[in-house]
Visitor: 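Here it is: the structure, laid out below.
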Amino acid sequence: MFRRSHGSGHDKALNQLFDKYKEERKDVIGIAGTEQLCADLEVDPSDVRVLAFAWRLGASKMCHFTRDQWAALRDFGVKSVADMKRALPKIMDEAIADFKSYYEFTYTFGLDVDRGERTLPAETAIALWRLVFSDPRKQSVHLDSWLAFLEEKKVKGISKDTWDLYLVFTETIDKDCTNYDAMEAWPSLLDEYVEHLKGGESQ
Amino acid sequence: MGDGGWSLSGRLPAPQLHDIERQLSCGRAVQAYANAKVGQWLIRIGDGIVTRNHVHNNAAGRPTDIIGQVVRIFTIAGSSVPFVTYIRLVRPSEAKIRSTDYAEDELLFPGRVGYSASRLDEIKARCALTTATDYQQYQAHRAWAARLTHSPLPPPSMATFFVRYVDESPGDIPVGAGRRLVWQGHAPKDKYLDLSSPIHMMAFEGDVAGLNRLLRKGVSPLARDCNNHTVLHYACWTGHLRTITALLGRLGQGVAARTETVAVVKECEALCQSLGFVTAHRVISRFRARLVAAASTKRATRIRVDVSEHDLLRFASLSELSHTHAGAVGERAAKLAHGSGNSNDNSSNGATCAADDEDSAFSTFINKRSNKPAELIAGYLDSFLRKGLKGKREDEVERTFQRVLDLFRFVQGKDMFEAFYQDSLSRRLLHQKTASTEYEKLLVSKLKLECGANFTSHLEGMLKDIDISAQLNADFKTHLEVTRQQPSMELYVNVLTTSNWPTYPKVNVTLPPDVVRMQELFSQFYCNKHKNRKLQWQPSQGQCILGASFQRGNKELIVSLFQAIVLLLFNDSQKLTCKEIQQATGIDMPTLKRTLQSLACGKIRVLAKSPKGKEVDETDKFIVNYKFSNERRRVKINQIQMKQTQAETDATSEKVFQDRVFAIDAAIVRVMKARKTLKHNFLLTELFQQLKFPCKPVDIKKRVETLIERDYLERDPNDPQTYKYLA
């Protein structure tokens, strides 16, 4: 069934695993399948490990895995659910190591393409931000005040540009934003955030 | 001077030669010629002047030709000294010159060398370069050189030739390759002798591409040649705009120390002015202003603080121009700025600095209320052109305009002014409110001079539409006579080009049959005349004269089209309610109420309303007020203005802000399309130069963000400070 490597025993096992979760009509793992998979892996569907798992498989949207994407599990020698469970921490390590790619993936992953979304609704973005920075190895010092600012300002949507630049921001700018320069090319939302932060201090 | 070895030719006036000798620092050049041996090549090198001539043997001995050559320098370069600085003798082996050179000289300066006609033809035939185009080019150069006899200017023909000679001289370097090789440092510099470096030549020739390449390599536009002239000087001698802007663009990026830059730019500004290069002069002076402004920001800030603290409040009230004389305010404010400027500058530099500071200080100061001054100036001009002209002499009016423009010059946000001015101009023109079309035109032409043709194209278009319409209506009249169609009424139509005028809302009203018929006649006439054009009637802008008979005599009522439609209904009925009128005319209720108010509740009441009162209700009944009387025969019934002035002002500003957003978008895309990738800060700098209204970095940032979202741009994945253009 796999395009490139027919018939090897390993792939066969992987395929069977896929068939276990896939929808009846379509050759994809859908919502029900994903829920079942999470249950088998004993993780919450909103767990960060699921996000990393989706990233590693290159899923284009939430709760949607194709057979081709599934094949990426071969790199971890997955044959059974137990194998998959063991692979999860490894995947998480990879995600932390290649954090930029993982982080930027999160945005597109969160977009509800079927509903024609081009920018991420702030609610989703906030949830994803919390999720993506939940690993102790990769934390953002600005996260709490940033998300509070977004909520307070009732921002509607987060553009991809703002999302991507937030990573650069939190990696280069110190907690009190003393080395922040609004004359640089930061998105205006970040400008406002820093202004808000500094204004709040002086009051 | 030569001591009898040669004598003056009869053709050459003695004073000229005397001049030459004096100017050639003790006659060194002439001496060199005099000492030259037959068969030697002479090369003269000066400031941009290079030519070589074969000192050759002729029947009269060498002097005739030599004198001819020497004089030639000065006939071209006028009486100015510096161009022949020294002369060098070179053997033929050192500089290979083709025999055609001489022929070119002859072609350039016929009669100077003194060939016979047959000999000239022979040379022409031999000379590969003397095609018709070449010759025309030479002629053009000559004319050009002649025009500038009094300016310190090397003849371009010479410089151009020089580079071409080197490039095309027989030998190792193929045609055209020479310069490129020198730029890249492969060819020996000597080949260009001691003349200006290639970049000077590029500037002189207007080779913008080459110039830009050199500039990018880090050659300064302020590089000086052996005569201490910078590259910018060279560009200014030719007045070639693109060269000048290229150099200024580089200078703007802060190539050299500021004082030097300012000095050079000032020199060049004067140069362009003396040479009559108007546009170049304007470009340079604008650049200089910016340079000075940037440099004196610090000082200006200090002044600004002083001014704003003491006088801004006073000025703010003064600047309500609609009640005040704009010119007077300008002067007053200028004085304020002047005073502060001086007091602050006592400690600092000289008078020029003070003047520059004053300008920038005044500019910041007047633009404190960002868009208001533009609006107010437009408002002042409106009231002035409506009624302020009465009893004024021409020079007084012109002086007023000049003062307004003096003030206007400092105002940022000229687009705001344009919008307001366009609005008021359209009202003046369509409702015949303007006191004099001549003055309207005069003012527009002044604005054009001030801000460029782009700025006034709409305004000019409006005035033109009105002119054309006058002719059109005359034609229409004759057309009706010729086709024997009886007009039921007189119709005057202003045909307006949509793009030039403010946008009017589309209104649907039921017009009286007579009007409809006339409109149709006109439409037919017009569409026959101009195929593919579409007429759209704007009843909201119409004006009518109605004949009316009252008990106390006949009157002519000057009313708006809406008022007329309402009044005409009373030809057929005695009494109408507001609601009925609305159904019959199709005018929307608020407008209709205002119209009825103006007819029945104002000063002039041609209708009577029951019940009486100031406000109009839908159930109110109206009859004709037969007892109407007025001492005049012609009565104008003013429309009641909605309390709309504020709303309208806001709408106009809103429109300008909208336009600005588009302008920013367009400018960003334009810049990025040209540059492909650009750092954020450079983009900002470019945009500030291009946009003619004040805008904040945040505004631009937001536009950039939407452009990124719309996939016009992207951020460089490796450098968030850099944008990339996506084709």
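No experiment lies behind these values; they were computed from the predicted model shown. Letters A, B, ... mirror the listed sequences (proteins, then strands); counts begin at 1.
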Visitor: Taking atom CZ of R710(B) as the centre, report whether more than 12 heavy atoms of other residues, nucleotides or ligands fall under 6.0 Å from it.
Guide: yes
Visitor: By a 4.5 Å heavy-atom criterion (distance strictly below it), what part of E104(A) contacts chain B: side chain, backbone, both, or neither?
Guide: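 Contact with chain B is absent: no heavy atom of E104(A) under 4.5 Å.
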Visitor: Going by atom types alone, do S188(A) and E705(B) pair a side-chain donor with an acceptor below 3.5 Å?
Guide: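 Yes.
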Visitor: Flag the pair D191(A) and K702(B) as a salt bridge only when some basic side-chain nitrogen lies within less than 4.0 angstrom of an acidic carboxylate oxygen.
Guide: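 No salt bridge links D191(A) with K702(B).
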Visitor: Against chain A, label L684(B) side chain, backbone, both or neither, depending on which of its atoms sit under 4.5 Å from a heavy atom there.
Guide: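 Side chain only.
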Visitor: In Å and rounded to the nearest 0.5 Å, what is the CG to CG distance from D161(A) to L713(B)?
Guide: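 Those atoms lie 10.0 Å apart.
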Visitor: Against chain A, label P697(B) side chain, backbone, both or neither, depending on which of its atoms sit under 4.5 Å from a heavy atom there.
Guide: side chain
Visitor: Nearest 0.5 Å, what's the NZ-CD1 distance between K160(A) and I708(B)?
Guide: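 If we round to the nearest 0.5 Å, K160(A):NZ and I708(B):CD1 are 11.5 Å apart.
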Visitor: Keeping the roles fixed (side chain from K701(B), backbone from E184(A)), state whether a donor-acceptor pair exists under 3.5 Å.
Guide: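 Such a contact is found between K701(B) side chain and E184(A) backbone.
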Visitor: To check you understand the geometry: which heavy-atom pair defines the closest contact between M183(A) and N681(B), and what is its length?
Guide: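 Residues M183(A) and N681(B), closest heavy atoms: O-OD1, 3.1 Å.
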Visitor: Do side-chain atoms of R715(B) reach the backbone of A185(A) as a donor and acceptor pair under 3.5 angstrom?
Guide: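 Indeed, once roles are kept as given, a pair shorter than 3.5 Å links the two residues.
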Visitor: Please check if the number of heavy atoms outside R137(A) that lie under 6.0 Å from its CZ is greater than 12.
Guide: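 For R137(A), atom CZ is crowded (more than 12 foreign heavy atoms under 6.0 Å).
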Visitor: Can you establish whether the number of heavy atoms outside R282(B) located under 6.0 Å from its atom CZ is more than 12?
Guide: yes
Visitor: Can you establish whether the number of heavy atoms outside Y21(A) located under 6.0 Å from its atom OH is more than 12?
Guide: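 Yes, the 6.0 Å shell around OH holds more than 12 heavy atoms from other groups.
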Visitor: Got more than 12 heavy atoms from elsewhere within 6.0 Å of OH, Y712(B)?
Guide: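 Open: at most 12 neighbouring heavy atoms sit under 6.0 Å from OH of Y712(B).
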Visitor: Is atom NZ of K673(B) surrounded by more than 12 heavy atoms (other residues, nucleotides or ligands) closer than 6.0 Å?
Guide: no
Visitor: What do you reckon, is CD of E123(A) surrounded by more than 12 foreign heavy atoms closer than 6.0 Å?
Guide: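 No, not enclosed.
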